[in-house]
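Input: a single structure, listed below in C-alpha cells.
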Amino acid sequence: MAKNLTTRDKDYSRWYNDLVVQADLADNSGVRGCMVIKPHGYAIWEKIQAELDFRFKETGHVNAYFPLFIPKSYFSKEAAHVDGFAKECAVVTHYRLKNNPDGPGVIVDEDAKLEEELIVRPTSETIIWDSYRNWVQSYRDLPILVNQWANVVRWEMRTRLFLRTTEFLWQEGHTAHATEAEAVAEAVQMLHVYGDFVEEYMAIPVIRGVKSDNERFAGALETYCIEALMQDGKALQAGTSHFLGQNFAKAFDVKFQDKDGEVKHVWATSWGVSTRLMGALIMTHSDDHGLVLPPKLAPIQVVIVPIYRGEEELQAIDEVANALVADFKKMGIRVKYDHRDTYKPGWKFNEYELKGVPIRIAIGPKDLEKGTVEIARRDTLTKSYLPMEGLASEVSSMLDVIQVELFERAKAHRDANIHFVTTWEEFTAALDRGGFVSAHWDGSPETEDQIKDKTKATIRCIPLDNPLEEGQCILTGKPSTQRVLFARAY
RNA sequence: CGGGAUGUAGCUCAGGUGGUAGAGUACACGUCUGGGGGGCGUGUGGUCGCACGUUCGAAUCGUGUCAUCCCGACCA
C-alpha cells in the first residue's frame, strides 16, 4: 500500500485529496481555491481534450476563442443567468498598480479605476452571444457550431481539487440554430457525445437524463446531463448540455431572416465538461494503492522496470527491453522503459501504482534465463509470467481487457447501488446507504426543495426514456407519473 | 457573514511554569545494496506569520494584525 495514502475506508475525502497530491496530478497553489495541475494530471487532461475535440469535430463543430473578460453590462442582459452566477463572480475594477508611497510593495492605483467593471468569465454565453449578433443575418449563416477550450472562474465558497476549484479548465460549446427542433437535437446529440466518450474512453458508466426545474442551468429551457456514481455512493454530474431556447438570442438581439422572409430570433444550445472529469475518473476506479487509469486514457500504458545488480546485468536487460519497447510502439502501445539507476525497483513499483499505469512489466536475470517477463495489472493487482515471444500482442489485448473490465466493474457497482423505494423511511435509509434512489416525485420544485432541506439529496436527473409508472410522491403522497433519481451529490 | 481552531525546516509536527531551535520525513554525500517505497553513517536546511508591548532576556506572556483550515451559511 502507498505510504501516506489514507485508505478509502478510513476517510474517503481525505483519500481523494491524498491521492490527487501523491499521484502528482495537482496541488494546491498560493491562490485560494486554485490548483496547479501538474504534468501527470495535465497529460491525462490532454488525452481527454484530444479525444473530445476529435469527437466535436466529427460532429461538425469548430473551435474559436472569446475573451476572458466580460463587460458587466453584458452580464445583466439575461435575468435568470445573472441570478445563477452573480454571487460567484470575480470582478476587475482597476487596471494599474503603483509603488506604495507609505511602505514596501505595490498598491492598487485608485486613479486607474475602470469606467465599467469587467467580469472574469464564469461561463461565456454573454460575450459569445454578443458576438453572434454580428455573425448572423440570414438563415444561410446558420447553424453556428462553435466550441472553445478555456478557463473560467467561479468564486466558490468551498473548493476541492478538480471537483470544484475557483478557476477550472473546460470546453464550452455554443451553437445557434434556425429552428427549435434543430437546437434540441443538437443538445441531445452533445449529451450522447459526452455519454459515449465518458463510457467508452474513461470507462465511467453514466445515466443520461434531464434536470428538474431546480437544477436546470441559469437561462436554459432544458438541461441534459450525464450523472455518474462515485465509489462512496455520492453522485457526480459529469457533463451538461443545455437547450437555451431563444433566451440569449432575445437578450442579445440575435436575429436572422428566414427562407420565408420573416425575421426571427435564433435558437441556442450550450454544453460543457470540465477538469471535474478528472475527479470522476479518480473516484470511479482508483483504490488504496493510488490511481487506476483506463488504458485509453493513460499517458503511459505500460512501464518496463529492470531488476539487476551491476552494469553487465543492466546491459543485458537493456537489450531485451529496448527490443520490447520497439515492438510495443509498432502496435501503438504507449510504453516507457524506466531504467533510471537513481531509484530502486520496489520504489518504482509503488510509484507507478500510485500513478495508475495500467500494466507493469518487470525483467530480471531470472527472466532472461527463462525468456519470460513478470507482468502486473494495476487494476486487479495480479501478477503473472508471460513469454517474451509475442509479448506485444498479449499486452495489447490485455489493455483492451482492462478497459472493458474497468467499465464493467464500475457499472456493476453503479447498478447495485440504484435503490427503488416507495416510502419515506425507505427513501432516507437508502440515501444514507449511498447511491441513486429511484423514487416517485410530484413534480413540483417546492417538494424538491423540501426533500433537499430534509435529506441534502437532490434530483440528479430524470433519465431519458424513463418509463411511465403510476405512483405517489415520496414526500407529499401526491400522484406521480414516473420515478426520478435522487442522490446526495458532489 | 456567524462558530471553532491553527501559523515553528520543502512536508508532517514536538517544543509545561520565559534562558537563544528539535524529531520524523524529504534532500545531499559516502557505503553496503537491489524480484515491492532497504540498512548504516555523515551532512544541508528555520528572520519560530507579522507588528507592537512586558522583560536583563520572548517560539513561549499580553495586545493588535494578517493568513490558512474546519463547521455552518452558500454553491447548476
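Proteins come first, then strands; the chains are lettered A, B, ... in the order of their sequence lines, and each starts at number 1.
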Across all chains, not counting sequence neighbours, the ring pair (Phe, Tyr, Trp, His ring centres under 6.0 Å) partners of H174(A) are none
The criterion is ring pair (Phe, Tyr, Trp, His ring centres under 6.0 Å); which residues satisfy it with F486(A), sequence neighbours excluded?
F427(A)
Which comes earlier along RNA chain B counting from the 5' end, the contact point of Y343(A) or that of G33(A), where each point is its nearest nucleotide?
Y343(A)
Where along nucleotides 1-6 of chain B does protein come under 4.0 Å, by heavy atom, of base (B) or sugar-phosphate alone (S), with - for untouched nucleotides?
------
Can you name the salt bridge (Lys or Arg N to Asp or Glu O under 4.0 Å) partners of K336(A), sequence neighbours left out?
none
Looking for any heavy atom pair under 4.0 Å, which part of the strands does E374(A) touch: base, sugar-phosphate only, or nothing?
base
Side-chain touch D341(A)/E311(A), heavy atoms, less than 4.5 angstrom
no
Any heavy-atom pair between the side chains of I361(A) and V395(A) that's under 4.5 Å?
yes
Tell me every residue that passes salt bridge (Lys or Arg N to Asp or Glu O under 4.0 Å) with R154(A), counting only those two or more places apart in sequence or in another chain.
none
Would you list the pairs meeting ring-ring contact (aromatic ring centres under 6.0 Å, His included) in which at least one residue belongs to residues 347-392 of chain A, sequence neighbours left out?
Y343(A)-W347(A)
With 3.5 Å as the limit, what N/O pairs link the protein to nucleotides 30-33 of chain B?
from, atom 1, to, atom 2, distance (Å)
rU33(B), O2, K344(A), NZ, 3.0

Test ring pair (Phe, Tyr, Trp, His ring centres under 6.0 Å) applied to F197(A) - qualifying residues, sequence neighbours left out
Y201(A)
Just jot down the salt bridge (Lys or Arg N to Asp or Glu O under 4.0 Å) partners of E351(A), sequence neighbours excluded, or say none.
K355(A)
Partners meeting ring pair (Phe, Tyr, Trp, His ring centres under 6.0 Å) with W15(A) (sequence neighbours left out)
Y12(A)
Bracket notation of RNA chain B in which parentheses pair within the strand, [ ] cross earlier pairs, and | pairs with another strand (Watson-Crick or G-U, under 3.5 Å):
(((((((..((((.....[..)))).((((((.....)))))).....(((((..]....))))))))))))....
Which nucleotide in the list rG35(B), rA76(B), rG37(B) gets nearest to the side chain of W347(A)?
rG37(B)
Please determine whether any donor N or O and acceptor N or O are separated by less than 3.5 Å between the side chain of K383(A) and the base of rG36(B).
yes
Are any non-hydrogen side-chain atoms of H177(A) and T269(A) less than 4.5 angstrom apart?
yes
Should we say atom NZ of K234(A) is surrounded by more than 12 heavy atoms from elsewhere, each under 6.0 Å from it?
yes
From the candidates rA76(B), rC75(B), rG35(B), the one with an atom nearest any side-chain atom of P345(A) is rG35(B)
Using the six-membered ring wherever Trp is involved, compare the ring planes of F243(A) and W267(A) and label them parallel, tilted or perpendicular (cut-offs 30° and 60°).
parallel
What residues in residues 355-370 of chain A put a non-hydrogen atom under 4.0 Å from any atom of RNA chain B?
R360(A), A362(A), G364(A), P365(A), K366(A), D367(A)
Consider the side chain of Q237(A), meaning its heavy atoms from C-beta on, and name the nucleotide among rA76(B), rC75(B), rG36(B) that approaches it most closely.
rA76(B)
